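Report on one structure; see the data block that follows.
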2 protein chains.
Amino acid sequence: MSQDGEVIRVLLADDENLVRSAFAALLGLEDDLDVVAQASSGAEALAMARAHAPDVAVLDLQMPDRDGISVAGELTTVLPGCGVVIVTGHGRPGHLKRALEAGVRGFLPKTVGAAVLSDVVRTVHRGGRYVDPELAAEAISSGDSPLTPREADVLELAAGGAPVEEIAVRAHLSPGTVRNYLSAAAAKLGAPNRHAAVEAARRHGWI
Amino acid sequence: MSQDGEVIRVLLADDENLVRSAFAALLGLEDDLDVVAQASSGAEALAMARAHAPDVAVLDLQMPDRDGISVAGELTTVLPGCGVVIVTGHGRPGHLKRALEAGVRGFLPKTVGAAVLSDVVRTVHRGGRYVDPELAAEAISSGDSPLTPREADVLELAAGGAPVEEIAVRAHLSPGTVRNYLSAAAAKLGAPNRHAAVEAARRHGWI
DNA sequence: GCGGACCCATGACACGTGTCACCGCCCACC
DNA sequence: GGTGGGCGGTGACACGTGTCATGGGTCCGC
């Protein structure tokens, strides 16, 4: 349980062992922080959280099995008292938005300085919020996704460079419909073709 | 200067401040290692190396201005006594091969355990080599690139999803020639289209 | 109940691409 | 000094894609 004056119990999740251990070393330098559990996947992070009931969870955004955001969403319902901080290599505006909707209270790109991470952990533990200012500005200026859910689905399936026929099968759609969605998505994103559209959507974090 | 019995002076370069600081904290836990300089770009890493003459340089593979491998190549000529360890998020066989050609003596994916990094730094300092066994196996099995230099160029330009016309302009080629190269590259890579070819080439580190 | 948004589909046309055959040029190697 | 390989190019054909018009279906809000 979280108590003032006591150390803050931290759960760390990142699929890159080296980075995770390094973060643990970094946080371990702080007297008031204690890394009580580590996980290398989303599923493991949830299991660890249930077992150790940490005060704050620091999650990497991209993990092999599942999105750090979806882990965060489940975590906040299972362990309401546990604050969640997301750390990510590429800060996309859309990710930030979805993360906040999932109950995340801290959101940081890996480019920030060393002191920030531990400070944010403390802030979140106190019930506060912190999002990287630069990321916040981007998120505000880029706004909501103009894509309909289905358009986003199809665009995501197109991301791997698959031909229309394959997308159609995987989305249970007619090839013509797929082309229509792709065309609509590209138009909305101001892209000349589907690949540029994928690029643009990814840049905004909309897929 | 490197002396046995003394601490090993380490230069650390990674564009992600948080990760770099965390690595510094991790290496700082070892008594015989001393992080004497940090850099957040390739150019800065070279400048730092000249200024501090470290015993070992730990470089991230992908940095904003230039490839960690090209930095390593220059570093080994400027500071022959300085060992180089490359750390990377995505371990592609082609990268490993190019790194070794550049004089790199340590090559690690970020997925390895915490103890490995400091051990490798010591090994490299002693004049030894270390490459991740799994990566080495992949590199051997995947072999050399079957692409001609020009094919690789064109394929790289195609990576962004640009239309043939644009690739032709940027490569100073006729559109027909571009299509021929793309077709040849896709055939050599066993890919059904250019996008899958880009994917495959990237996976092997050939572009 | 009516307009509007999203969903799914079809057909037609223009354009981009993938594939192949074949061309010449240069350079290296036997 | 011929042969082979990489480089750059052309032309033609089949196929995949991008674009547009148009249709019907559902659901929601005014």
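Predicted model, so just to flag it, every value in this text is computed and none were measured. Just so it is clear: chains get the letters A, B, ... in the order the sequence lines come, proteins before strands, and each one is counted from 1.
For A:Glu138, there are no side-chain hydrogen bond (donor to acceptor under 3.5 Å, both in side chains) partners at least two apart in sequence or on another chain. Residues satisfying the side-chain hydrogen bond (donor to acceptor under 3.5 Å, both in side chains) test with A:Asp14, not counting sequence neighbours, are none. Residues passing the side-chain hydrogen bond (donor to acceptor under 3.5 Å, both in side chains) test with B:Gln62: none are found, sequence neighbours excluded.
Of the residues in residues 192-207 of chain B, none has a non-hydrogen atom less than 4.0 angstrom from any atom of DNA chain D. Listed by residue number, B:Thr148, B:Pro149, B:Arg150 are the residues of residues 148-157 of chain B with a heavy-atom contact under 4.0 Å to DNA chain D. Contacts between residues 160-189 of chain A and DNA chain D, counted as heavy-atom distances below 4.0 Å, involve A:Pro163, A:Val164, A:Arg179, A:Asn180, A:Ser183.
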Side-chain donor-acceptor pairs of residues 167-179 of chain B under 3.5 Å, sequence neighbours excluded:
from	atom 1	to	atom 2	distance (Å)
B:Ser174	OG	B:Gly176	N	3.2

Donor-acceptor pairs are to be reported for all side-chain atoms of residues 193-207 of chain A against protein atoms at under 3.5 Å, with residues two or more places apart or in another chain.
from	atom 1	to	atom 2	distance (Å)
A:Asn193	OD1	A:His195	N	2.9
A:Asn193	OD1	A:Ala196	N	2.9
A:Arg194	NH1	A:Ala162	O	3.1
A:His195	NE2	B:His195	NE2	2.8
A:His204	ND1	A:Ala200	O	2.9

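Each side chain to side chain donor-acceptor pair (under 3.5 Å) pair with one or both residues in residues 82-93 of chain B, not counting sequence neighbours, would appear here, but there are none. Every pair passing side chain to side chain donor-acceptor pair (under 3.5 Å) that includes a residue from residues 66-82 of chain A is listed here, sequence neighbours excluded: A:Arg66-A:Ser70, A:Arg66-A:Glu74.
Chain A approaches DNA chain C within less than 4.0 angstrom (heavy atoms of the protein), and the contacting nucleotides run 5' to 3' from C:dC6 to C:dA12.
Annotation: side chain of A:Leu155 is in contact with side chain of A:Leu189 (closest heavy-atom distance under 4.5 Å).
Other residues, nucleotides and ligands contribute at most 12 non-hydrogen atoms within 6.0 Å of the NZ atom of B:Lys97. Shown here is B:Glu134, whose CD atom has no more than 12 heavy atoms of other residues, nucleotides or ligands within 6.0 Å.
Comparing the end axes of the helix from C:dG1-D:dC30 to C:dC30-D:dG1, each fitted to five base pairs by superposing C1' atoms of four pairs onto the next four, gives an inter-axis angle of 30° (nearest 10 degrees).
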Kindly indicate, with the supporting measurements, whether the criterion salt bridge (Lys or Arg N to Asp or Glu O under 4.0 Å) is fulfilled by A:Lys110 and A:Asp60. CA-CA 10 Å; A:Lys110 282 182 180 169; A:Asp60 190 89; 3.0 Å; yes
